[in-house]
Every structure is written in structure tokens, then in C-alpha cells.
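Here is the structure we will look at.
Each chain gets a letter, A, B and so on, in the order its sequence line appears, and its residues count up from 1.
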Amino acid sequence: VTLLIAVSDVAADEELISSARALAAAAGWDVRAIHVSEGESSKDCGTLEEVELVKLEGDAAEELTKLVGQADVQCLAVGLCTVAQPVIGHVARAMLDAFSIPLFLVRPGMRPLSGLRRLLVPLEGTPSTSAAMRFADENLCTPDHEIIMLHVATGKVPAEAGSMAAPRFVDQEQYEWSDWQDEFSMRFSQCGEGCRHRVSMRVGDPMEIIVEEAQTGEAELIVLSWKGKFAKGHGRIVHSLLERAPCPLLIVPADAVDGQLSQRCRSDD
Amino acid sequence: MTQVEKTHTRLDRDFQVVCLDWDGSVAFLLEEEVARMRSLIHRLCALGVDVAIVSESDVGEVDGRLHARPDAEGRLFLFLSGGSEIYVAGPKGPRLLVRRQASEEEEAALAVIVDALRESLAAAGVEIDVNYDGFNRWTIDADSIPAEADTLREARESASRLILEEGLDSVVTGEGGRITISHTGRSDKLRAVVKALIENRHREGSDLLVLGGESFLLCGSEPDDLLARVPPLAEATLVVTAADPVDAPCGSIRVGGGSDAVLRILGDQLSRRQAVARARFPEPIDDPAWRFEVQGFDPFREREIETLLTVANGETGTRGALEEGSAVSTPTTFVAGVFGDGTGEPRFRQPVPAPDWAGLRLVVGGVPLGLSNGEVIRHERILDMRHGVLYRFWRQRDGSGRTVFVRTARFASLADRSVMAIRAEATAEDFDGRLIWQGAVGISHAGGAIRETEIQTLDGPRLLARTAGRNGGGHVLALTTKPAEGSAIVRYLEQGRDVIGGRLEPGDPATVDRIAAIVSARTRVPSSDAAGRTLARAERLGYDELLRRHRAAWDERWQDADVIVGGDDSDQQALRFSIFHMIATAHPTKDTVSVGARGLSGMSYFLHVFWDTEIFVLPFFIYTHPETARTLLAYRYRHLAGAREKARQMGHRGALYPWESADKGVETTPPYGFGPEGEIIPILSGLMEHHISADVAWAVWEYWKGSADDEFMASMGVEIMLETARFWASRADRDDEGRYHIHLVVGPDEYHEGIDDNAYTNVLARWNITRAMEAWQWLEKVDSGYAEELHDRLELSEDEFAEWRDVCANLVDGYDPETLLYEQFAGFYEMDDIPLEKLRPRPMAADLMLGREVTLNAKVVKQADVVMLTHVLSDEIDDAVTSANYDYYEPITSHGSSLSPGMHAAVAARLGRIDDAVADFKMATAIDLGDNMGNAARGLHLATMGSLWQAAVLGFAGIQRRNESLLVDPHLPPGWDHVSVPLVFRGARLRFEYHQREGELEMGIEVRRAPVFMIIDGAEREVLPGTYRFRRRDKEVWREVAT
């Protein structure tokens, strides 16, 4: 896997660069960087030592979109703006609009990712939104990492077959919760790499709970599935997290799940 | 009709031995035909057929071409060198069995004859070449002489005369311009075949099929010489495959066709056997209403599916996991009543699962076949609920493009509850190659209280697995896996692993039968011998007979249990599904086990027994299979000591049944658990949920009244009732005003803990005491001797009875005759109101969504509580009271327990609130069968199943016990146009049939065996055995229209 860092301003993107490099190190990915700034900026930064920096000509968003489509890039790291400005700049926006590969998003002021110990994966409890969990299992699951599988109960009942939201029946608490957690974990994670998985269920507004859980649980990374739409009624949580998440976000295309389902039913040897 | 049948009906049967004439047919085959012959021989041998190949050639010639290497029960024999050598060909090639070596004297005598012949022919001007080209054989080639020439005939006759003169046992044969003089002839070859494969193996001549070319069956001057020399051949089937043979023994079949005919006949012998295998593979029932089908494979739901597809028989329950396993599979076999100590904290009794007996892996061309290996073309699992068999149909195109069709059929025998069996068949559809079944016995994936499992391979295909629980019981699993009849596969060792397989051609079924037996004990690992004997008995019967008995047992059980619903397929399926699993879970005779909350289908609730059994499940058995109901109550009687001990430990008298019970009948509820965020939650039900004692007493009474089983009541029931009554009298606290209270309890609504005077608890406690005194009076009347004994043993006294009466008279119950309402518990009315919209949509785990502190202090009901009371005491609480309480409590019930909606449906139906009843019924059906709940992954909800039956029969069909009569007052859902309910009641067998059409309801009642009392339109009448028919229009009374 190659993680491509889209650098617009080397000095300003220092947190993006260091966080992306930390993510790549944790996942064992290769790193490339590309200078997408349309204006003058310094590339003389120690952060980018050992990383090849290629400057793109032309419209940054357009060129980057092309590059992602053509090159062997499996994950793209993009910087966000500060909260004082619109958080999603036009380059990040273009990448989100053309959402086809996982995006690693870092906003100035977030806790930069230096070493990955704990990552938070919010899960709606539907198969179609569990791509983030699989991505985390496949790329970031090591005995040194803890994955918190966070389900926020909202009272909504997903219609999708295979879904498993918060229980609607709790007959005997002494058994139901552990049963629910075990099944939730097994249903949405099949990782056998030794990573610690912890299921947490909370009740409330998902965005608030995710931010709070990341904050109090000291998660260094939030991995989230997203269907890639900002149209009406969509993307509210993603948008809010881009503004408020205390740590970097890794957004995984939700449809990645379909093509990989078969991997879940591999035979035990 | 097969090719051969067209040819001759005498070939239309199985032969145990096939003898082939190599020289006359096989020797002329093309290479690909030889390969086909080899394959046929392999597969026939695998099916137990012995094949004999007879040839004048030597082993190098024959084996060099055929290269057959069967490794099977049936064997390949080579009768070579004119019968002088006999080889048996195995996996390592031919091995010499017998060689007839002519003595020097015999050879010298034969040389004399050859010399004489040479001289004779030389005198006639014929030059010959003499060769000693085979074992015990001289060949004279006289190519210059036409085959039909007198010279050659005379020479042969001359040689024969000389042999006779020399006193030799040699023969002269010849073809073309050749004369062969040998120590063995055709009759010798076939005599050897007959001796080795017929006589020595105690077969009949009729078991032999001989296929030969034109001269193969001739051995003298007359066609029948062969039969004279080898008499058993007269019974054999002799087939001449030459197109137009000159001569053949009498009775032989002339089919023509040469080597093609040989291949065809062999192929037909194979097909005949394989047809048996295919035909014997069981088929699921056609009627979709009896099938629970799961199409495809959804890894997200797989554990749920495994639960739903559990096959159980009250003794064992095996989850419906894929035989080959997968990353998402949790194959487990639960054994009823076998527990041990769990690990971790809190520590409590947990089941000891058995090893996975159903694990089978198919290896295709060296690669294990799995759903992820290539493309799934079809994957379908069908639970045949009528017969308790789980079928699987799976067509997979593997990564190499080979298509394999697999089907399996497994069951846990209802006829012999220690036995389970599976038949698995794999067919290569578009390739030939090696298919291998690897049988695996895996350790349970479900955890539990296993201390150790020891697996031991015995002689042959048998295997033993001994599992010991931690400080508890254990069991021995014995199993065997064998090729099924008609399947051309064999057992062999492959890299030290016992496998069954073979090289097969498209369409060949590779079928195995696995039979397993589990014998268990509650305190130790039982003797392996018992499991071995059980297995041996099952093996003798075989898969087909075991299946036949199992199906018959299910047929019998359904006779008195099947509720038929016309007009709503999903309700029909849900009811059958519930009934199926209830029957499958309960043991009708073993009183050491009861029905766990999640049956034998999942580890959830650790097979612990709750009030679910008595209040939810038992009524089904009382009215369909009283023997099972009695056994379930006998479990409670058996554990009366544990209940007494719990009462004593809590400072009370009598018997307080444990909230959770396992193998010892003592309290097994963990004192705490862990919440959704890992926080510790104190569990108070073991300390405070005491209504279970009254629930058990209620079940005893209900059974007695429903079954009229006085023997049970006298021997067990009365004692249970007295001891539970004694507990309640002891448990109630008298206040200063002389009223009694029951403080600090948890009622069915578990959102409110540590409450006082829970209506359900108090009313049932009073009922318990009252009925216990009635039961006691009955016992004194019917068996005064035993009553006296019991009186002394329990140290009963009139003073105590007086105390009981005082408690009954003064126990508060929260009932307000003005409003007709029961207050659920003291202070309930003062609790916070919750806007109803906050309790929607239902079902809702309100404590989760609103918070425990909120539900603890609010008028929110987790599950039927007062409504439940009106249901269980429906013969004492009238409809007006029920209606008032239903109206009050229904809106504030969140149905946050799976025990709730079914009971609400039953009550709503009884009250004629059909919309509510239907909605609640549907809600209950979705608990296990809804595909977005995730509830069932760790076990079925037996209480829900029982409540569904009660909603259907007691609610919609409106058949309820009233003392020793049946009240009949149906309120059918509009979508149910036909309902049929069988019941067993007080020795009578009944069937109620309802037909609903155009505002009119027709009711048919069939009564058999004994009369029953029924209450129809408020009037009680005795109904004698016979058939009755009634009709009524909306809100009208019944009109009897036919008797």
C-alpha cells in the first residue's frame, strides 16, 4: 500500500506530514508526497526528508484527482484548514467529492498522530458501513494496537439484512451485554492478528459520542466508513468530525465492503 | 432403461465378481479406453466388486498397460500366463499370490510332444518355429498353413493324443497358424477364478459375471466343455462380446460390441450401484410450510443462521454450522445437563459442550473446498421441520474452474437420543479427479467449562473423544465415518490422516455416512464402553434405518403438536419453527435436565433454567406431550433440596427455587455482570426474583389439571406445592395492622428492583398457598397413607396451615376494586411518567435508551408483569380486570424483554384486541427470525417460542383451561382463514378446526379417547368422543350445525 501525502504548504502541513508518516509506519505502508500547492511555498522542510517530493503543475485538485486515478496509490493524506476558515479546503473537498480511496485527513490543532496505540472505529451496526472496521483490521491490526469498536445506539433499527444495532431486548443483563459485545465484535471484525478489540456501546448523538470517546478514550485515530455523499441528509457526521474530531480521521469508502465480503468466509485451516 | 438392460435383462442386476478376458477384449483397447477401463475397475473395486482379469500374457504386458491400482474393499486379481500366475493388484502394484511352475519332468514331456509335432509337420512339408515364449507354454508358429487347413487341425489333434499318451494335464489350443501347448488351459484359468473369488469367498456361482471374446469361453471340442469342467460356471452369467461368435456355452449371452460392450457393461454395473447411493440420499419435505430455508451465505448473519438451524433432540443440540467450517463459524454440540465450573469472574456453572462431530472437509484435487474458494453457484440450507433434518445444497466452482455439488443431511435422532448422523455427498460435475472427505472432530468453539478433551483413534474408522468438565460432568463421543453404499470411494491413510475418497468421474457421488453417539454423565466422564456400544448399535442399523426411525419419531410428535395456520405463511412458519425447537429441546424422560432459556442452540445463558420453562414453555408440553411436561416438573422435584437450601440460606422456610438452575438445582445466578461499557452491574435476580417458586407451583397445578396425572401430583406435585407455599408464608412479613407484605423483590418487570408487594409475586404467592392447601386436602383424601408420611416428613402442622390461611387472607396485592387495577408494586403509581413517544418504537431496551436511573424511577415496564398475572391466572382473573390492567400497562410496556410481546399477544387476543395481538405476535416472531436483530446468534429464545404457541392456541384459538374444563372462545387474526389445533387434555385427544370466511367462523371439534368438559358461550357441557361443528357470525353465539 502506498500512502500519498498531498502537501500544499510544507511548513503549514507539518502536522499532516508527520501524522501521515506515523500512520504509514504503523500500517507498514510506503509513503510518497506530492506538492500540490498552486502558489509559492517552501519545500525545504526536515519533515520531508527521505520522502520524494514531486511538484504538480496546474490546478491542484484536478491534478491530484488524476494522479489518484492513475497512480498506484491506495490512500491519500490531505490537510484540512483551520477552524477559523472553512475546514474543508477546495483540494480536500475535491478529494472528498471524488471519494474512491481511503482519505487520511488532518486538521491543524488536532492531536497529531505520532505513534498509533489506540484507534476508534465507529460502527452503525450495518454490513454496508463496516468497511472501516475491515480496513482497520487488515491494515492496522497488530498486537500493539487497540481497536475500539464504538456503536452509538440511537434507537433506529437498520433495515439492512445482517445488521446488528444495539439490542432491543435485554432479558438478563448478566448475559446479554457480553453476548451482544461478542457477537458485535465477531460480526464486524474477523481479525486474527492479535490486535485487542474492545466493543463500546453508548447512547446519544453519534457525532458527540464519537468526539467524546476519541477525547476521553485517547484515541489517536478515528477510522470511519463513509458513502461519499455530502448531499442533503448525508455526511453530517463526517463533516462534523472534520471540524471537531480531536485526532486525525481516516475515512474509508463504504462500498469497499462488497468486494471483500468473500474474504470473511475463508475456511479455517 | 440402461444400455445393458436394452441388451439383456439377465445383466440387470449387481454382480460381485466380474471376470474380464484381456486377450479377447481389453488388449485391443485404445489408450483412452484403457484409462476408462482403469477408472471403472477402480470405482467398481471401491464399491466392493472383485475384478478378475484373465490373460495368456504376463504381468508386464497386462499391468504395463492397465496400471490399475485399486485400494479398496473389492480387489483386482490378475490370472496371467494362461492361469499359471495369480496376482492381486493393490496401490503399490501387482503382488504375486500363486505361481504354478511346471516341473522339469513336465517340461521335458512337453518338449517330447513338441518335437514329435515338429517331425510330423516336417514330414508334411511344413516348417515351423517353436518358441517357449510364456510361462509353462510352448508356441508353434506355422504361418505358412492356413488356419482352416487339415494339416493344422491334424497337428493339434496329434498333439492332444500325445499328451494323453504321456499322461500329462496339458492342453492344446490354437488360433490362426499357431498351436499353443501349455500346462494350463482356459478351463484352468476360469477354474482358478472360481476357486479364488467364488468358492474361497463363500459366494455363489451366480455372483460371477464373465465377459469374454469369441474363443474365451471355449475350451474343448464342444461349446459346453467349459461348463462340464468348471461346474460353478453354469450358474454364472457368461457374456460373449464378440460380434458373431461361432460357438459359445449353452446359456451364455451374446451381446456383440467387443471391447465397447465390455466398457458399457462395466459402466452399467457401476451406475447401478451409484444410483442406489443417489436414490438413498434423503430429500427434504416438499411442502414449503415445513421448510425453513436459508439461501446463500451471509457472513454477517452466519452465527445467527447456525442457531436457527440447530438440530437437537433433548439430549444434544448441534448448531447448524458449515461442515467444513469458516472464519465466521461456531460449530458446537451442546449436551443437556452436563455442566462444570466456568473460569473467570464471576464464576458459575457452565455447560460442557461436546466436540464438533459434524465437521467434514471436502478436498478437491488437493485443495480444501470452501465457500471462499472460487464462486458460489448455489448455497441453500433447508431445515425440514417435519422430520428434524438439516439439509445443505452447495454448488461451488472452485478456483480452478471445477464444479462440485455437495449435499449433506444431518439429524440428531429423536428415536435414539444418543445418536447423531450425517450423510455427505460430493459430486464432481465437470471434471474427473480425486475427491476426498476428511473427517475432523474439532474442539468446541463455544467455550464452556471444558477441562480437557482427549481424542483417541480406534481401530478402523472409529474415533472416541472424551470431554471432561471442570469439576463437573463429562461425555464420550464415539463416531465412525464410512463410505456410503453405492459410492465408489474408500477409506485410506493419506499422510497419516484417515480419509475417504477416490478418483472419480463426472457424476460419480462421493458419499460418506458419519454416525456419532454421545453418552454423558453429570459428575464424571462416563465409560467409553457405553458410547462404543451405542455407536455399534447405531452402526448396525445404518444411516438409512436411523433416519427412518428418526423421521417416524418426528411424525409421531407432530401428530399432537402441529398448529396449522392457513392464510399467513410467515405466522405458520414462525409457529412451526417454535414448536419444532421446543420439541427438539426438551427431553421427555430424563429428569436430570430441563429446558434452558436458549435451548441447546447456543452458549448464551449457559443452558441455565429459568422461569421461562414453567411459565412459557411448559404449557405447550402439557397440552401436546404431557410426558415431557411431567419430566420437566420432575426436574424441579428432583431439585427440591436445592430450593429448600436456598430458602434456608436466605432465612426462610420451605423451598425457594433458584432463579437460575443448572445441574445441581442450586442458585447459579452470577452476583454481577458487565454492562455495555464494561461496568459492573449488580445482578439482583438471584437474590430477589422469588416469583419463580410460585411459577413452579403454578406449573405443577396447570399440569395436574391439564393432564389429570394424579400419580404425579401425589408423588411429586403436592410436595412441591407445600414447600413453595411454606416459603411464601415464611417470606411474607406481617405489619402492625395484620397485613402481610412481601418486601424487596424483583417482579417480571426487572427495571424495578428491590420493590415491595409486586402484584405478580404476591397474587401468585397467595394462589400458591391456597392451591397447596387444596392439594393437601386432595392427597389426604386419595392417599391418606402417603399424606401421613409426607405430613411427618415435612413436619406439617395445623398451626402452620392456620398461619398460611392468615397470610392468604391478609396479603396485600395492590388490587383496587374501584379501578379494577393492580398496582404493579407499592409506589408504582407515584413514579415518574414518561412521555409515551419516548418508548417508541417498540420493542425498546428502555433501560439502555433512557438510562437505568430513569427506568428505575419511572412508570416504564420492561415486560408483561401485571398483564402476565392476568394471563397465568386467567381462570381466576376475569376479563374485565384483565382488560382494565391491559389498557393501563400496555402503553407503558417497552417490551424490552423477549418474554413480553408473545404474552401480550395472548392476552390481547383473549380480549379481542386483535390489532394489538397481531402486532405483538409479529414482534415476537421477529425475535429469532428477524434478519436484522442479531439476537439469535448465541441461542434461540425458547420462552418466546412458548409464548408464540400460547398466543396462537390460548389467545387466537381461544382454548384455555378453566379448572378441569376447556373454555373455547376464538379470536382469530383476520389473515388466518384456517386454523387447526391438536390438544391433549385430561386423557382426551382433541382437534379444533376453525374456518373463517365472510364474517362467519366455523369451528370443528374432534374428541377422541375420552370425554371432556367444555365451556362454549359460557355454558359448560360434557363433550363425548365424536366430531362436532359449530358456526357463529360476529358477536353472535355458536350454533351447532352438525354432530
Side-chain angles (χ1 to χ4, degrees), chain A residues 125-128 130 134 148 150-192 198-204 213 217 257 260-269, chain B residues 297-304 324-330 346 361 368-373 597 603-606 610 660 669-670 672-678 681 683 685 750 841-845 847-849 851 862 895-900 927 931-935 937-939 941 943:
Chain A
T126 62
S128 62
S130 62
R134 191 148 26 266
I148 303 168
L150 173 66
H151 175 69
V152 182
T154 62
K156 290 180 183 167
V157 183
E160 185 181 340
S163 296
M164 187 183 173
R168 304 175 75 191
F169 301 99
V170 180
D171 294 348
Q172 297 290 301
E173 288 185 297
Q174 58 268 41
Y175 304 124
E176 293 281 0
W177 293 118
S178 58
D179 285 351
W180 183 86
Q181 287 173 331
D182 286 350
E183 174 58 19
F184 191 86
S185 176
M186 291 170 76
R187 190 170 289 219
F188 297 112
S189 169
Q190 285 300 314
C191 187
R198 177 159 64 85
V199 177
S200 176
M201 188 178 60
R202 305 273 304 274
V203 180
E213 188 79 20
V257 69
Q260 297 173 9
L261 271 181
S262 62
Q263 293 180 16
R264 295 172 57 86
C265 51
R266 62 191 181 275
S267 291
D268 285 325
D269 288 324
Chain B
F297 178 79
D298 181 349
F300 289 95
R301 291 193 66 207
E302 181 57 14
R303 280 172 301 282
E304 210 176 309
E324 73 279 10
S326 78
V328 296
S329 298
T330 52
R361 182 153 58 176
L369 194 70
L371 286 166
S372 62
N373 174 12
M603 188 53 96
S604 194
Y605 290 66
F606 298 98
F610 295 69
E660 298 183 28
T669 308
Y672 61 90
F674 297 95
E677 294 179 63
I681 305 172
I683 301 301
S685 48
E750 290 153 333
R842 294 185 290 182
M844 173 191 284
D847 55 343
L848 171 71
M849 300 310 295
K862 177 183 180 182
H895 294 310
S897 162
S898 67
L899 279 58
S900 190
I927 289 170
D931 62 5
N932 61 352
M933 290 283 203
N935 279 343
R938 290 174 71 91
H941 295 74

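Considering every non-hydrogen atom in both A:Val170 and B:Ala845, the closest pair reads CG2-CB, 3.9 Å. Contact detail for A:Arg168 and B:Arg842: the closest heavy-atom pair is NH2-O, 3.6 Å. Shortest non-hydrogen contact noted between B:Phe300 and A:Gly162 is CB-O, 3.8 Å.
Contact count versus chain A (heavy atoms, under 4.5 Å) is highest, among B:Glu660, B:Arg938, B:Glu750, B:Arg301, for B:Arg938. For the set B:Pro676, B:Gly673, B:Ser897, B:Ala937, the count of heavy-atom pairs under 4.5 angstrom toward chain A peaks at B:Pro676. Comparing B:Ala943, B:Pro841, B:Gly939, B:Gly675 by how many heavy-atom pairs each has under 4.5 Å with chain A, the most go to B:Gly675. Considering only heavy-atom pairs separated by less than 4.5 Å from chain A, the leading option among B:Met844, B:Lys862, B:His941, B:Glu302 is B:Lys862.
Between A:Met186 and B:Val328, the closest side-chain pair of non-hydrogen atoms is not below 4.5 Å. Using a 4.5 Å cut-off on side-chain heavy atoms (C-beta onward), A:Gln174 and B:Ser685 make contact. Side-chain contact between B:Phe610 and A:Gln172 is present, with at least one heavy-atom pair separated by less than 4.5 Å. Residues B:Leu848 and A:Trp177 are in side-chain contact: their nearest non-hydrogen atoms beyond the backbone lie under 4.5 Å apart. Counting only heavy atoms from C-beta outward, the side chains of B:Glu304 and A:Arg187 approach each other to under 4.5 Å.
For A:Glu183, the parts lying under 4.5 angstrom from a heavy atom of chain B are both the backbone and the side chain. Only the backbone of B:Phe674 comes within less than 4.5 Å of a heavy atom in chain A; its side chain stays farther off. Using a 4.5 Å cut-off between heavy atoms, B:Asn373 does not touch chain A at all. Interface residue A:Thr154: only backbone heavy atoms are found under 4.5 Å from chain B.
Not a single ring pair (Phe, Tyr, Trp, His ring centres under 6.0 Å) links A:Phe169 to another residue, sequence neighbours left out.
Rounding to the nearest 0.5 Å gives a distance of 9.5 Å between CZ of B:Arg303 and CG of A:Asp182.
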_Worked verdict on B:Tyr605 versus A:Glu176 for side-chain hydrogen bond (donor to acceptor under 3.5 Å, both in side chains)_ = CA-CA 8 Å; B:Tyr605 290 66; A:Glu176 293 281 0; 2.6 Å; yes
